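Contents: one structure, followed by commentary.
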Protein chains: 2
Amino acid sequence: MTGIFLQEYICLVQATLSALAEPNRRQIVDLLRRKPRAVGEIVERLGLRQPQVSKHLRVLSEAGLVEAHPVAQQRIYSLRAQPLRELDEWLEPYRRRWDERFNQLDDVLRDLKRKDKEKRDGHGK
Amino acid sequence: MTGIFLQEYICLVQATLSALAEPNRRQIVDLLRRKPRAVGEIVERLGLRQPQVSKHLRVLSEAGLVEAHPVAQQRIYSLRAQPLRELDEWLEPYRRRWDERFNQLDDVLRDLKRKDKEKRDGHGK
DNA sequence: TGAATATATACCTTGACGGGAATATTCCTG
DNA sequence: CAGGAATATTCCCGTCAAGGTATATATTCA
């Protein structure tokens, strides 16, 4: 948790990634994608224990991924778009590249071999 | 590490998320986005110690996020597109919704209140 | 007010993970 | 083959996070 907060300054996307790294939390998020749900529903659907679900929801909530709306004794949790949008934005520069393959790997390797050769020749006996 | 593998069956995107949850690893990935690099370069640029960088690269590699290409004593690491693509695909259904706001939160809340009222009326004294 | 429902919190324990430092491995060069 | 450079691996340690169980809090209803 402190980890999340420390990174939050640097980059909100980090908090999102940390929160989603936990499988059960990602499942919860996936579940809430369809529609908002009360804690009890999540407990049922995922077959987890209520306290753990509450704890996961807390983490998700602190990461801004979900928000709670009290209704009687229930708390209806729903997804918030922003963090996932930011994750999407983080992916943007990658998306733009992965057609032309990220790496000019070939270029880089060719480069290295060139330098290698030069070095070798420079020292040439 | 075992955690990543356990989830890998279920969903490769989970492995990606777990790997990226670590701030230094995400930094490494961001660094490799521009171009492939040798371990030493990463060490320099990020100001981390060589063993930790190697360890992080191992995790990233096992998650399929990077791959190594040996050149002399160096190992040039480059990004692999697939895992990030899958992350992108995972986001797809979210993207499609976050304009119309995920939640039919209002709907759901209205629903709950209706049920509430019905219940109340049903029992009505 | 007291019982019941829904949810949150506290406390404990355990396992995994990340960093630090030392060492092993691999490959090149002379 | 010896030495050096680049990288990987090992071992130890502290911390943190997740699960389990019990309990607290809040809200409704009778």
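Predicted model, so just to flag it, every value in this text is computed and none were measured. We name chains A, B, ... by the order of the sequence lines, and we start the count at 1 in each one.
A donor N or O paired with an acceptor N or O is not found under 3.5 Å between the base of D:dA5 and the side-chain atoms of B:Gln74. In this model, no side-chain donor or acceptor of A:Glu22 finds a partner on the base of D:dA18 within 3.5 Å.
Considering only side-chain atoms of A:Pro51, the nucleotide from D:dA22, D:dT27, D:dG19 that sits closest is D:dA22. Closest to the B:Gln52 side chain, of the nucleotides D:dG19, C:dG19, D:dT7, is C:dG19.
Rounded to an integer number of Å, the gap from CG of B:Leu57 to P of D:dA8 is 7 Å. Atom CZ of A:Arg49 and atom C1' of C:dA6 are 18 Å apart (whole Å). Counting to the nearest Å, the C1' atom of D:dA22 and the NZ atom of A:Lys55 are 11 Å from each other. Per the geometry, CZ belonging to B:Arg58 stands 11 Å off C1' belonging to D:dT10, to the nearest Å. The nearest whole Å value for the distance from the CZ atom in B:Arg75 to the P atom in C:dT26 is 11 Å. One atom, CD of A:Glu62, and another, C1' of D:dC16, lie 15 Å apart when rounded to the nearest Å. A:His56 has its NE2 atom 18 Å from the P atom of D:dC16, to the nearest Å. B:Ile42 has its CD1 atom 9 Å from the P atom of D:dT7, to the nearest Å.
Taking CG of A:Leu48 as the reference point, atom OG of A:Ser54 lies at 11.0 Å (rounded to 0.5 Å). Remark: A:Ile28 CD1 to A:Arg26 CZ distance equals 11.5 Å, nearest 0.5 Å.
Although no hydrogens or angles enter the test, the distance criterion places a donor-acceptor pair under 3.5 Å between the side chain of A:Arg97 and the main chain of B:Arg33. Here the side chain of B:Gln74 pairs no donor or acceptor atom with the backbone of B:Arg37 at under 3.5 angstrom.
Within the 4.0 Å cut-off from OP1 or OP2 of D:dA8, at least one side-chain nitrogen or oxygen of B:Tyr77 is found. In this structure, B:Gln73 does not reach the D:dG4 phosphate: none of its side-chain N or O atoms is under 4.0 Å from OP1 or OP2.
Using a cut-off of 4.0 Å between Lys/Arg side-chain N and Asp/Glu carboxylate O, A:Glu92 and A:Arg96 are scored as salt-bridged.
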